[in-house]
2 protein chains.
Amino acid sequence: MPTQASASVLDLNQLRRTCKACALYELCLPAGIDGAGLDQLDAVVRDRHSLNRGDILYRDGQPFTALYVVRAGALKTYVQDAAGDVQILGFHLPGEIVGFDALATDFHISHAEALERSSICELPFAKLQQVTHDVPALQRQLLRVISREVVGEHEHLATMGKQQAQERLAGFLHSMADRYARLNRDSTSLTLPMSRAYIANYLGLVVETVSRGFTRLEDMGVLAVNRKQVRILRPDVLASLCSPNGADAPRPRVQSGSGR
Amino acid sequence: MPTQASASVLDLNQLRRTCKACALYELCLPAGIDGAGLDQLDAVVRDRHSLNRGDILYRDGQPFTALYVVRAGALKTYVQDAAGDVQILGFHLPGEIVGFDALATDFHISHAEALERSSICELPFAKLQQVTHDVPALQRQLLRVISREVVGEHEHLATMGKQQAQERLAGFLHSMADRYARLNRDSTSLTLPMSRAYIANYLGLVVETVSRGFTRLEDMGVLAVNRKQVRILRPDVLASLCSPNGADAPRPRVQSGSGR
DNA sequence: CGATTACTTGAGAGACTTCAATTAGTGTGG
DNA sequence: CCACACTAATTGAAGTCTCTCAAGTAATCG
């Protein structure tokens, strides 16, 4: 991993990765930034990395140098405690930014790993900070993006709070479909980049339970599952399965979720 | 709730809440900001609110106007889905900042409620943004603080990922003790501001399970529990209970936590 | 093409939830 | 100031869902 590439060389590469031309323009950091500011932001973005399945983008303990935009492919981020227990924090699709965990202490405290061949835009933070000074809109946008991260984790927590495994799985698939839709992909035909084991860990379950969950959703006619290919036949039913009672009676449930 | 108080009146009040004099100086936003910048930040902070138990600081759907620092007392934040299911996202002690959820969309998507009589510093975001322009260190600090929020949620997720109820409860108490320590309070003698039901919801369990958990930890001689008063008699044992095997063999556990 | 890994499926055990009842604490009004 | 009502917390017993253990099948990779 080279330390700092001067922005003058490799114009071709630079052109190719120009934020203006990027399909993720509306999803990523530049959203809402206008012409002049965008050029400045462009200058910040470093040659993109290419990661293979299993490659580590950053790991726990590593000093903070940059934020990373997923350009193509998919990442997982996770923490590992002293006992070796892993908890997957999130799966990250194109347009999403990772690395915010390190802003607090200047060291990463989680790991980021590619789930498949992925392409990453690196945003060296020092440079980024200089530009945010000139472009207030970028500063605001940076906060907006990190806030999205917070919101995403809220959703994850809400899903993990469901007592029934089926609800958690339904919630996971539902949110994945949503994210596919934002990428202008078909939100009823998912190609999951992660294994069943990763889904299980993400949801706080074991593999077998997830596997059985898929089977049952298929039996119910909600999904058509073929390994990592998942077609959502009944999005309405899937949505209703995200809540215990099927989301019929919207009565308040203040206690604790209300039942496994 | 008044809309905007001019900074010229009520000098006494203003003085009293000056960041410089605040006991939370090192924990809160001003940490790392020097003299001149600090004065500017001081000017941003609005009259502090006083909340009673059950009072709502902000609710889902409300437009974003400010961030809020807990000065005294305690808050809980939570989301509520269409079916009425509540998931508590966090408990917030003095020095912690809430409201970041609204940075993404300019509307709050969670609720914040006082668990007990609390005092809040309001940071109107428009003003705050002006100052961050003049004080780059503040901008960096703001990112640092919101990153802490992200990290805190990672811990919450890791706790919810534990399959055993006992591990979750131990993890919760362990992290509460940590946070008490940061407040320079006795970290072995906690006064929990939240009910058992809230703890249960936070951990994805039911009240009864939490209650039994407390009882068992008391029987084991790890805790001395008297309602909301919790003394941690064996912090070492408590720490070891945060992991399934008691954190003896630090072998990697990649699968999914490794067993309920 | 063989070995490894990923996924699925089955049966049994265990842990948490559910339901129900009791106790303790809190707040209110007479 | 105390009685009453209400909420919070605890405890017990039974049911159920998920985990564990085990085996088998399918896909992937060298």
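Lettering of chains follows the sequences in order, A, B, ..., and the numbering in each one begins at 1.
Aromatic ring orientation, B:H111 versus B:Y78: parallel (interplanar angle below 30°, classes split at 30° and 60°).
When rounded to the nearest whole Å, the span between CD of A:Q163 and C1' of C:dC19 equals 15 Å. Atom-to-atom, CG of B:L203 to C1' of C:dC16 comes out at 14 Å; the value is rounded to the nearest Å. Distance A:L192 CG to C:dC7 C1': 14 Å, rounded to the nearest Å. Atom CG of B:N52 is separated from atom P of C:dT26 by 18 Å (rounded to the nearest Å). One can place CG of A:L205 at 15 Å from P of C:dC7, the figure rounded to the nearest angstrom. Counting to the nearest Å, the P atom of C:dA15 and the NZ atom of B:K162 are 18 Å from each other. If you measure from atom CD of B:E167 to atom P of D:dC19, you get 13 Å, rounded to the nearest angstrom.
Neither OP1 nor OP2 of C:dT17 sits under 4.0 Å from any side-chain N or O of A:Q164.
Evaluated for a salt bridge (Lys or Arg N to Asp or Glu O under 4.0 Å) with A:E113, the options A:K76, A:R53, A:R59 yield exactly one hit, A:K76.
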Could you write out each protein N or O paired with an N or O of nucleotides 7-11 of chain D at a distance under 3.5 Å?
unit_1	atom_1	unit_2	atom_2	d
D:dA9	OP2	B:R196	N	3.0
D:dT10	OP1	B:R196	NH2	3.1
D:dT10	OP2	B:R196	NE	2.9
D:dT10	OP2	B:S211	OG	2.8
D:dT10	O5'	B:S211	OG	3.0
D:dT11	OP2	B:T215	OG1	2.6

Subject >> side-chain hydrogen bond (donor to acceptor under 3.5 Å, both in side chains) assessment of A:D101 paired with A:H108 >> reply: CA-CA 6 Å; A:D101 63 310; A:H108 287 283; 3.3 Å; yes
**OP:** Please report the C-alpha distance between A:E153 and B:H156 in whole Å, then the side-chain angles of each, then the deciding distance to 0.1 Å, and finally whether the side-chain hydrogen bond (donor to acceptor under 3.5 Å, both in side chains) criterion is met.
**Re:** CA-CA 10 Å; A:E153 278 172 4; B:H156 187 186; over 6 Å; no
Original post:
Can you check side-chain hydrogen bond (donor to acceptor under 3.5 Å, both in side chains) on B:S110 and A:H154, steps first, answer last?
Top reply: CA-CA 9 Å; B:S110 61; A:H154 289 181; 4.9 Å; no
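In this structure, a donor-acceptor pair under 3.5 Å is absent between the side chains of B:R231 and B:T188.
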